[in-house]
Amino acid sequence: MASVVLADPENGGLDAMLAGLLTAAIEQPAKAAMLDSMNGTVTIAVPDAEVEVGLRFSGGVCRVHPEAIPGSKVRIEMPSDTLLGFSTIPLMLGMPSVLTPAGRAFTKQVLTRSVKISGLRHVKLITQLNTLLSLV
Amino acid sequence: MPVFPSEEWLDEFVEKINGSAEYAAAAATWEGDLVFVYEKEPDKGVDEDVYAWLDLWHGKCRDAARLEGPDDPKAKGAKFTISAPYSRWKSVVKKELDPVKGMMQGKIKVKGDLPTIVRYVNASNVLVDLTTTVDTQFIDEV
């Protein structure tokens with residue numbers, strides 16, 4: 001059964017925020033099933049807030065760490081306001097939809113490198129994570 | 001000039017909220033109360049945790065009160081609780097600390113339904129910006 005575990009419950013920063021979003025997401029059976037199938041590691045970095053968070057997906061559990069996971073399959077770097085708004089960007093096939101103004105603005109940030117994504121060959125993991133975090 | 005964090009300061013803050021067209025638009029569908037906790041720092045003149053409750057509804061503040069403490073039913077039943085030591089709040093009010101970054105860094109703690117907070121991030125930002133518009137005197141500077 002899908003679950004989300006905070007590696008350091010005392011930290012209470014971005015790790016707790018992401019854990020809160022993911023925990024709410026897996027209340028939906030389809031998203032719980034998606035988390036069950038996920039495997040891999042993701043680091044999310046927010047340079048302007050000087051915060052990094054690691055997500056480790058394995059065996060139906062997402063473990064959320066208050067630091068980067070060395071050698072993560074995927075590393076996503078974005079400004080704090082972009083990250084907070086990310087969940088409200090409509091998705092198409094698990095990626096921000098360029099058919100919407102918010103999706104186009106995000107894509108522009110990728111093209112101008114204010115959002116950096118490495119590990120794009122793990123596209124399935126990226127689209128699954130985007131879908132889990134999506135609120136629209 | 002009201003002293004932060006006093007009842008008078010809270011009243012001024014509520015006036016700012018109810019006079020803000022920007023907040024009314026950003027929080028037009030928001031329904032729920034929240035509690036700000038200004039955690040004690042005796043060396044700065046804040047001897048006890050201060051609980052400020054705001055009943056926010058569709059872009060307006062319907063009611064507000066300074067609560068007795070965490071056992072107050074309003075504190076227990078609040079939809080959201082945002083806590084930080086007094087000096088962190090002072091930094092927010094003085095625009096020295098961005099509240100979003102503060103939350104991500106764990107300097108400001110948020111309790112409540114995260115998806116709702118994320119959906120209303122613009123409203124939250126406006127709300128925090130309004131604290132910076134209150135003419136404020138800080139208790140440790142009085």
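Just so it is clear: chains get the letters A, B, ... in the order the sequence lines come, proteins before strands, and each one is counted from 1. Hydrogens, waters and symmetry mates play no part in the numbers below; they use all other heavy atoms, side chains included.
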Answer yes if B:Ile139 and B:Phe4 sit in the same cluster of Ile, Leu, Val, Met, Phe, Trp and Tyr residues linked by side chain heavy atoms under 4.5 Å apart, and no otherwise. yes
When clusters are formed by joining ILVMFWY residues with side-chain heavy atoms under 4.5 Å apart, either directly or through shared neighbours, do A:Val61 and A:Val64 land in the same one?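 Shared cluster, no.
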With a 6.0 Å cut-off (strictly less than), is the heavy-atom count around [atom1] of [X], excluding the residue itself, greater than 12?
X	atom1	answer
B:Lys109	NZ	yes
A:Glu67	CD	yes
B:Glu68	CD	no
B:Gln137	CD	yes
A:Leu111	CG	yes
B:Lys111	NZ	no
B:Glu141	CD	yes

Drop me the distance from A:Ser87's OG to B:Ile117's CD1, to the nearest 0.5 angstrom. 12.5 Å
Measure across B:Pro115 and A:Gly20 and return the closest heavy-atom pair with its distance rounded to 0.1 Å.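 Shortest heavy-atom contact: CD-O, 4.5 Å.
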Shortest non-hydrogen contact from A:Leu84 toward B:Val118: O-CG1, 3.2 Å
Against chain B, label A:Thr88 side chain, backbone, both or neither, depending on which of its atoms sit under 4.5 Å from a heavy atom there.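 Just the side chain, heavy atoms under 4.5 Å.
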Proximal component of A:Glu10, with respect to chain B [non-hydrogen, under 4.5 Å]: backbone
Which residue out of A:Val51, A:Asp15, A:Val46 racks up the most heavy-atom pairs below 4.5 Å with chain B?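 The answer is A:Val51.
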Can you name the residues of residues 91-107 of chain B that have some heavy atom under 4.5 Å away from a heavy atom in chain A? B:Val100, B:Lys101, B:Met103, B:Met104, B:Gln105, B:Gly106
Could you look at B:Val121 and say if it's the side chain, the backbone, both or neither that has a heavy atom under 4.5 Å from chain A? side chain
